[in-house]
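Remember, it's 1-based here, ligands and their atoms both numbered in the order they're listed.
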Amino acid sequence: MRSILVLNGPNLNLLGTRQPDIYGETTLAMIEETCARHGAALGLAVTFRQSNHEGVLIDAIHDARDTHDGIVLNAGAYTHSSIALRDAISSVDVPVVELHLSNIHAREDFRHLSHIAPVALGQICGFGAHGYALALEALKAHLEGVDR
Ligand code: DHK
């Protein structure tokens, strides 16, 4: 069974109570439960990590080299600031789907730039918590070669 890491960055531990008008009312625990179920239906084993710390996220990406076939990454605000995270993705041969709950392109200008996008397989944003399920489907299709 293929293995996917769902990696969430800063402030996403507060989902459900954090600016629900923007990020919705679904908690991270609920998202993880849905991902685990949807992943199982797709034949994917899904594991989860969340950290508010850039270096921990980088370590998780490095560790994924030996343990996971793909990563769903919501890097939170590090998306817009972290060249180190971008370099980490470039340094491992693991496909990454960039994910955002909100449509970052419809928000403040500083959110329009993603350092992750150029090194990601693709970007999913604006579909709220459902985006995680879409990202798992996109990774499965990619791993099966259906997207080429
Ligand atoms: C989450 C964040 O924490 C923001 O910093 C990003 C992203 C958007 C999201 O929509 O999931 O700008």
Problem - atom 1 (C) of ligand 1: nearest protein contact (heavy atom, Å) - result: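 Checking every protein heavy atom, the shortest distance to atom 1 (C) of ligand 1 gives Y23 CE2, 3.7 Å.
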Exercise for the section: Hydrophobic side-chain clustering at under 4.5 Å (ILVMFWY, transitive links): who's grouped with V119? Put none if nobody. Expected result: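 Traced through the cluster, V119 reaches L5, L7, L57, I58, I61, I71, L73, Y78, L85, I89, V92, V94, V96, I116.
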Exercise for the section: Sort and list the pairs that fulfil salt bridge (Lys or Arg N to Asp or Glu O under 4.0 Å) and have at least one residue in residues 54-75, not counting sequence neighbours. Expected result: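 Sorted pair list comes back empty.
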Would you say [X] has any N or O atom under 3.5 Å from an N or O of ligand 1, going by distance alone?
X: L12; result: no
X: H100; result: no
X: N11; result: no
X: R107; result: no
X: L101; result: yes

If you define the side chain from C-beta out and look only at heavy atoms, does anything of [X] sit under 4.5 Å from [Y]?
X: T79; Y: H100; answer: yes
X: I104; Y: Q123; answer: yes
X: L12; Y: N74; answer: yes
X: E98; Y: I124; answer: no

Problem - Any N74 heavy atom less than 4.0 Å from ligand 1 - result: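 Yes, N74 has heavy atoms under 4.0 Å from ligand 1.
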Exercise for the section: Give a yes/no verdict on whether any heavy atom in Y78 is under 4.0 Å from an atom of ligand 1. Expected result: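 Under 4.0 Å: no for Y78.
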Practice task
May I ask you to decide if the ring planes of F110 and H80 are parallel, tilted or perpendicular, using 30° and 60° as cut-offs?
Solution key: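 It falls in the perpendicular class, over 60°.
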Problem - Where ligand 1 meets S102 - atom numbers and elements under 4.0 angstrom, heavy-atom basis - result: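 With S102 as reference, the close atoms of ligand 1 come out as 8 (C), 9 (C), 10 (O).
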Practice task
Could you pull out, from E98, Q19, H80, the option with a heavy atom nearest to atom 12 (O) of ligand 1?
Solution key: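 Residue with the shortest heavy-atom distance to the ligand atom: H80.
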Applying a 4.0 Å heavy-atom criterion (strictly less than), which segment of [X] is in contact with ligand 1: side chain, backbone, both, or neither?
X: I104; answer: side chain
X: R18; answer: side chain
X: R111; answer: side chain

Handout entry: Cationic N near anionic O, under 4.0 Å, R111 to E108
Key =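 Yes.
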Problem - Distance in Å, L143 CG paired with L44 CG, rounded so as to fall on 0.5 Å steps - result: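 Nearest 0.5 Å value for the CG-CG distance: 7.5 Å.
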